[in-house]
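One is the number of the first residue; the rest follow in order along the sequence. Atoms within a ligand are numbered from 1 in the order they appear, just like the ligands themselves. For the numbers below, each heavy atom of this structure counts, side chains included, while hydrogens, waters and symmetry mates do not.
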Amino acid sequence: MAALCRAAVASLCAPRTLPSALAAVRASSAGAQYQHILVGKKGEKENVGFIQLNRTKALNALCDALMRELGQALDEFENDPAVGAIVLTGSEKAFAAGADIKEMESKTFQECYAGNFLSHWNRVATAKKPVIAAVNGYALGGGCELAMMCDIIYAGDKAQFGQPEILLGTIPGAGGTQRLTRAVGKSLAMEMVLTGDRISAQEAKANGLVSKVYPASQVVDEAIRCGEKIASNSKLITAMAKEAVNGAFELTLAEGNRLEKHLFHATFSTIDRKEGMSAFVAKRKANFTDQ
Ligand code: HXC
């Protein structure tokens, strides 16, 4: 899939502050049409799905329509056998400044509860393929939560992470209290959630929220490079590895180790496990076929 809507193409052509990596996104009449995101494929082998949040004026505030489009784009990439990893990014000023406050302002409890408000937000966290967040600028509220739903977070050196919902009279609602606490520990998570204070990219790195910090202009390219590395391995085995690591967030140590062992044993039923080890023994590069 190398899908882009016309609006996205026009946007790409405009000499604005779009990261250089986006210049290579190709247009195609095939695939879905998106209003709030840009979607394409990246990497030398076009095996990295690329999604850029594109509500720049609203600092990529995550309106309902945008989140639905994000879900559709993920569905497309998940169904594309050529794609081995997905990069999710925003603009240089904002990865995303949170859920759309203007959309939420007049909502009632009854609407939220009966309509199961935000239930579809979890789509990123349920992706089978690895998702890498490339975060520049603000990742606040739902934006920080969206980044934390990804498997790997790379940050630009000016990025800021925060859960400022308390300042709006509410609390994080898309996993912020849970994923942030697991990532940075209780004291810092509590401080961020209770004060609304933000942390810098460097603090986020020091506290385990992000794995790498790069100059802002490089973070998207580096995330794509990481995606290419992941995509060069067996997609089948990658999904198993991801499932095993994610088990660490849900299971006891004994259960997690059991899951890992089952998945490890299962790799021995695959062609790619055989190919990987045979290639090592024969001193050649493995040719994985995702089987
Ligand atoms: C809707 C938003 C928005 C948001 C920014 N904008 N954040 N619109 N929802 N979350 C809009 C502004 O209204 C404004 O549009 C435009 O984006 C630019 O924003 P400014 O405030 O003028 O920019 P700046 O002065 O640079 O300040 C940047 C900022 C600030 C510090 C990021 O925008 C801010 O504090 N935003 C809100 C951050 C936040 O509280 N996020 C948590 C949201 S609640 P107009 O048209 O007015 O000029 C949340 C709940 C999650 O995420 C629950 C589960 C998902």
Side-chain angles (χ1 to χ4, degrees), residues 11 16-18 35-37 51-74 88-127 131 133-150 153 155-184 188-201 203-204 209 216 219:
S11 179
R16 288 188 285 121
T17 55
L18 292 168
Q35 192 188 344
H36 301 298
I37 59 177
I51 304 171
Q52 179 166 25
L53 308 181
N54 192 35
R55 285 190 83 201
T56 323
K57 278 191 191 143
L59 303 184
N60 291 327
L62 303 165
C63 61
D64 193 60
L66 183 153
M67 290 308 289
R68 287 186 193 286
E69 289 186 2
L70 180 55
Q72 281 171 35
L74 285 169
L88 175 63
T89 194
S91 68
E92 272 190 41
K93 182 161 181 192
F95 177 74
D100 193 316
I101 300 168
K102 292 166 189 168
E103 218 174 59
M104 285 188 292
E105 186 193 0
S106 60
K107 272 205 184 303
T108 64
F109 163 75
Q110 288 83 348
E111 284 167 358
C112 288
Y113 189 76
N116 210 359
F117 181 46
L118 297 183
S119 58
H120 63 294
W121 272 52
N122 212 31
R123 178 67 189 89
V124 178
T126 62
V131 185
V135 176
N136 272 320
Y138 299 113
L140 303 179
C144 187
E145 292 172 307
L146 182 61
M148 290 190 294
M149 284 180 212
C150 298
I153 307 178
D157 53 2
K158 303 282 189 317
Q160 292 185 38
F161 297 82
Q163 296 291 163
E165 289 89 343
I166 198 83
L167 307 175
L168 300 168
T170 185
I171 71 169
T177 61
Q178 304 305 300
R179 292 197 178 92
L180 185 64
T181 308
R182 281 165 170 76
V184 305
L188 182 55
M190 209 50 112
E191 193 183 345
M192 289 170 71
V193 169
L194 300 187
T195 66
D197 285 353
R198 305 174 202 150
I199 59 170
S200 66
E203 288 170 293
L209 181 59
V219 67

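- Residues of the protein with a heavy atom under 4.0 Å from ligand 1 are Lys57, Ala58, Leu59, Ala61, Lys93, Ala97, Gly98, Ala99, Asp100, Ile101, Lys102, Met104, Leu118, Trp121, Tyr138, Leu140, Gly141, Gly142, Glu145, Pro164, Glu165, Leu168, Gly173, Ala174, Arg198, listed by chain and number.
- To the nearest 0.5 Å, the span separating CD on Glu191 from CG on Asp197 amounts to 6.5 Å.
- Between Asp100 and Arg55 there is a side-chain heavy-atom pair separated by less than 4.5 Å.
- Nearest heavy-atom pair, Glu165 versus Ile171, reported as atom, atom and distance to 0.1 Å: CB-C, 3.6 Å.
- Note that the CG atom of Leu140 and the CG atom of Leu59 stand 9.0 Å from one another [nearest 0.5 Å].
- Between the side chain of Glu145 and the main chain of Gly173, a donor-acceptor pair closer than 3.5 Å is present.
- Note that the CG atom of Asn54 and the CG atom of Asn60 stand 7.0 Å from one another [nearest 0.5 Å].
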